[in-house]
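One structure coming up, written as structure tokens, with questions to follow.
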Amino acid sequence: MNRRHEAPRRVDQPEPGLFKLRLVKGGPWVAAEITLDDAGRYGALINGEPCGPAHVDPVLAPRVMDVWHSGVRIDAGEHAYLLSLSAWARANAPDRPEASPAQPINLMRMAALW
């Protein structure tokens with residue numbers, strides 16, 4: 001799903017869900033999630049890691065608004081794929097962009113595919 005097919009979002013009211021986003025311009029997609037617990041506290045996870053303590057005010061919960069404004073909604077399958085791709089790259093291919101998603105993709109550093 002891309003943004004053209006999404007319903008308009010209220011910028012001030014984040015909703016829990018699964019997203020993908022880029023941490024830097026030109027970087028790879030990473031899995032992200034906005035959570036809302038039973039106590040009404042918002043939280044964010046990026047690449048499966050919590051971004052900080054949950055908070056009842058989504059503006060004060062670390063990275064929640066970043067995910068809400070910059071993220072693209074995805075389904076559970078794509079979310080799981082992005083998480084597993086990132087974990088695989090960190091363990092097996094540290095030169096892959098997914099291993100260090102906070103860095104822009106540099107095609108000159110990547111190994112040739114052929």
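Numbers here simply count residues along the sequence, with the first being 1.
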Tightest non-hydrogen contact, residues Leu18 and Ala76, listed as CD1-CA, 3.6 Å

Considering non-hydrogen atoms only, spot the tightest contact between Ala99 and Ala93 and give its length. CB-O, 3.8 Å

Just to verify, what does Arg41 make a salt bridge (Lys or Arg N to Asp or Glu O under 4.0 Å) with, not counting sequence neighbours? Asp37

Decide yes or no for Leu23 and Asn47: does some side-chain heavy atom of the first lie under 4.5 Å from some side-chain heavy atom of the second? no

Let me confirm one number: the NZ-CD distance from Lys20 to Glu78, rounded to the nearest 0.5 Å. 4.0 Å

Val67 to Ala44 - nearest heavy-atom pair and separation: CG2-CB, 4.5 Å

Measuring from Arg90:CZ to Leu85:CG, what's the distance to the nearest 0.5 Å? 9.5 Å

Measure the spacing between CH2 of Trp29 and CG of Leu21 and express it to the nearest 0.5 Å. 7.5 Å

If you group Ile, Leu, Val, Met, Phe, Trp and Tyr by side-chain heavy-atom gaps below 4.5 Å, do Phe19 and Leu45 land in one group? no

For a quick test of your reading: what N or O donor-acceptor pairs under 3.5 Å do the side chains of residues 52-65 make, sequence neighbours left out?
residue	atom	partner	partner atom	Å
His55	ND1	Asp57	N	2.9
Asp57	OD1	Val59	N	3.1
Arg63	NE	Asp66	OD2	2.8

Gap between atom CD1 of Ile46 and atom CG of Leu83 - 0.5 Å precision: 11.5 Å

Donor-acceptor pair, distance only, cut-off 3.5 Å: does the side chain of Arg73 make one with the backbone of Gly17? no

Could you pull out the closest heavy-atom pair between Pro101 and Val24, with the gap in Å? O-CG2, 4.0 Å

For Val11, does its backbone N or O pair with a side-chain atom of His69 as donor and acceptor, under 3.5 Å? yes

Quick one: do Ile34 and Glu15 satisfy side chain to side chain contact (heavy atoms under 4.5 Å, CB included)? Show the steps, please. CA-CA 7 Å; Ile34 295 175; Glu15 298 170 6; over 6 Å; no

Selection residues 98-108 - residue pairs positive for salt bridge (Lys or Arg N to Asp or Glu O under 4.0 Å), sequence neighbours left out: Arg96-Glu98

